[in-house]
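Note on naming: letters A, B, ... go to the chains in the order of the sequence lines (proteins, then strands), and numbering restarts at 1 for each one. Values in this document were obtained by computation on a predicted structure and should not be read as measured data.
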2 protein chains.
Amino acid sequence: MARWQPHASDRLVVAALELFEERGYENTTVIGIAERAGLTKSTFFRHFPDKREVLFGGDTMAGLLAAGIADAPADAAPLEAVAHALDAVGRAAFTAERREFSARRRAVIAANPELREREALKGLGLTAAMAEALERRGVPDPVSRVAAQLGALVLTIAYERWSEPGGGGAGGRAPPAGPRGMGAGHPPTVR
Amino acid sequence: MARWQPHASDRLVVAALELFEERGYENTTVIGIAERAGLTKSTFFRHFPDKREVLFGGDTMAGLLAAGIADAPADAAPLEAVAHALDAVGRAAFTAERREFSARRRAVIAANPELREREALKGLGLTAAMAEALERRGVPDPVSRVAAQLGALVLTIAYERWSEPGGGGAGGRAPPAGPRGMGAGHPPTVR
DNA sequence: AGAGTGATGAGACTTGGTCTCATCACCGTA
DNA sequence: TACGGTGATGAGACCAAGTCTCATCACTCT
């Protein structure tokens, strides 16, 4: 028999999400989370640097976006490279198994300023990752930041729609065709 | 003689900024800040809801942006309304007196993740304020968000340049003309 | 068998943040 | 002149987040 129950980290995430839903984030203590997972406060902080981070663990987004931009065809325009990356993220991260969990997580985050703060910082990280990946392709500074900023907004909107009750089949493409306008040439796979 | 030294809030801000510069944010305690200001921890938390907020006090930005968008000519396009708001902010907030303080504040924030996190949340607030103000003008949802997102980026870049050693005279207009491109029609006063 | 490893537990400690109660100069009014 | 109200402050108890050190103990490798 194994000495410890497996998946300690996952158990902590599940316990935390449940407790945040039941009592709210600020009425939940780290000790409470650890106890529900059959662990202790010490172990919690061995798995996560702080209480917020238990909801932000799977941090592969920045890498996926950077890789997606690097993998875009050499002649792709900045926004087309961003679209390429968004497609990759859609396939890798917006999967059916994660949809219900993501929706619950989203609701919890939306209800708490401390968690929204962390999410805001993560968002800046994604934007910076895209801008840097574009600059590695030779896109000059202000253009790279504009493209990254627009990519971040598209990602945010896609995530919103995907984790809403009605929205989002496989692949993360938003059901209704998005509006054109604003003069940004529309890349083929992201609308 | 006055019973208390005046400007308690300002003294706390100054003390905090000095200590953050001397020892770093995480090596500075709230008690230390309060003592340098000739006050106590209790009083600190009466003036600021938490330790971070001592650097984010003058929170008129969101209101200025919303008012600037509301005040734009009725026939202004979304990006032109945003530009109108940015001009207003440039005149009201990017003043010569605040420049040195802003530069020091910026350096402190850049050096600490906890402070960057707070700043990221404030940035989201500004973007949301712009988007809402645009929607109050009848700009439909995704267009309003794109315009607000671009406005937020312009504001960020302007703030960066203004609080850098070389940059920014009165009014906050960036010295070199910004690049065109990306298809966004360039409004007359923001480049 | 015995030493090493690695995830865990126990608990002291600092600090951020909340809350309650006390203090005391100033102000208005009688 | 006296007196009660006001408002910013101080004192200190209290809780939870987060850090750190030391102990435990099944499993593994030699």
Using five pairs at either end of the helix from C/dA1-D/dT30 to C/dA30-D/dT1, determine the angle between the two local helix axes and round it to 10 degrees.
-> 0°

Just checking, B/Arg105 and B/Phe56: is the charged tip under 6.0 Å from the six-membered ring centre and within 45° of the axis?
-> yes

What I'd like to find out is whether the side chain of [X] reaches to under 4.5 Å of the side chain of [Y], using heavy atoms alone.
X	Y	value
B/Arg91	B/Asp87	yes
B/Ser102	B/Arg106	no
A/Arg104	A/Glu18	yes
B/Arg145	A/Thr156	yes
B/Trp162	B/Arg98	yes
A/Leu17	A/Val54	no

From [atom1] of [X] over to [atom2] of [N], roughly how many Å is that when rounded to an integer?
X	N	atom1	atom2	result
A/Leu12	D/dG18	CG	P	14 Å
B/Ile33	C/dT15	CD1	C1'	12 Å
B/Trp4	C/dT23	CH2	C1'	10 Å
B/Glu35	C/dT15	CD	P	12 Å
B/Arg118	C/dG16	CZ	P	14 Å
A/Glu117	D/dA17	CD	P	16 Å

Heavy atom of residues 38-53 of chain B under 4.0 Å from DNA chain C: which residues?
-> B/Lys41, B/Phe45, B/Pro49, B/Asp50, B/Lys51, B/Arg52

Which ones in residues 13-31 of chain B lie close to DNA chain C, meaning a heavy atom under 4.0 Å from one of its atoms?
-> B/Thr28, B/Thr29, B/Val30

Identify the two heavy atoms, one from B/Ala37 and one from B/Leu12, that lie closest to each other, and give their separation to 0.1 Å.
-> CB-CD2, 3.7 Å

Give the cluster check for A/Ile31 versus A/Tyr25: same hydrophobic cluster or not, with ILVMFWY residues linked at side-chain heavy-atom distances below 4.5 Å.
-> no

Is it possible for you to say whether B/Ile157 and B/Val146 belong to one hydrophobic cluster, with membership spreading through side-chain heavy-atom contacts below 4.5 Å?
-> yes

For the side chain to side chain donor-acceptor pair (under 3.5 Å) test, which of B/Arg52, B/Lys122, B/Arg118 pairs with A/Glu117?
-> B/Arg118

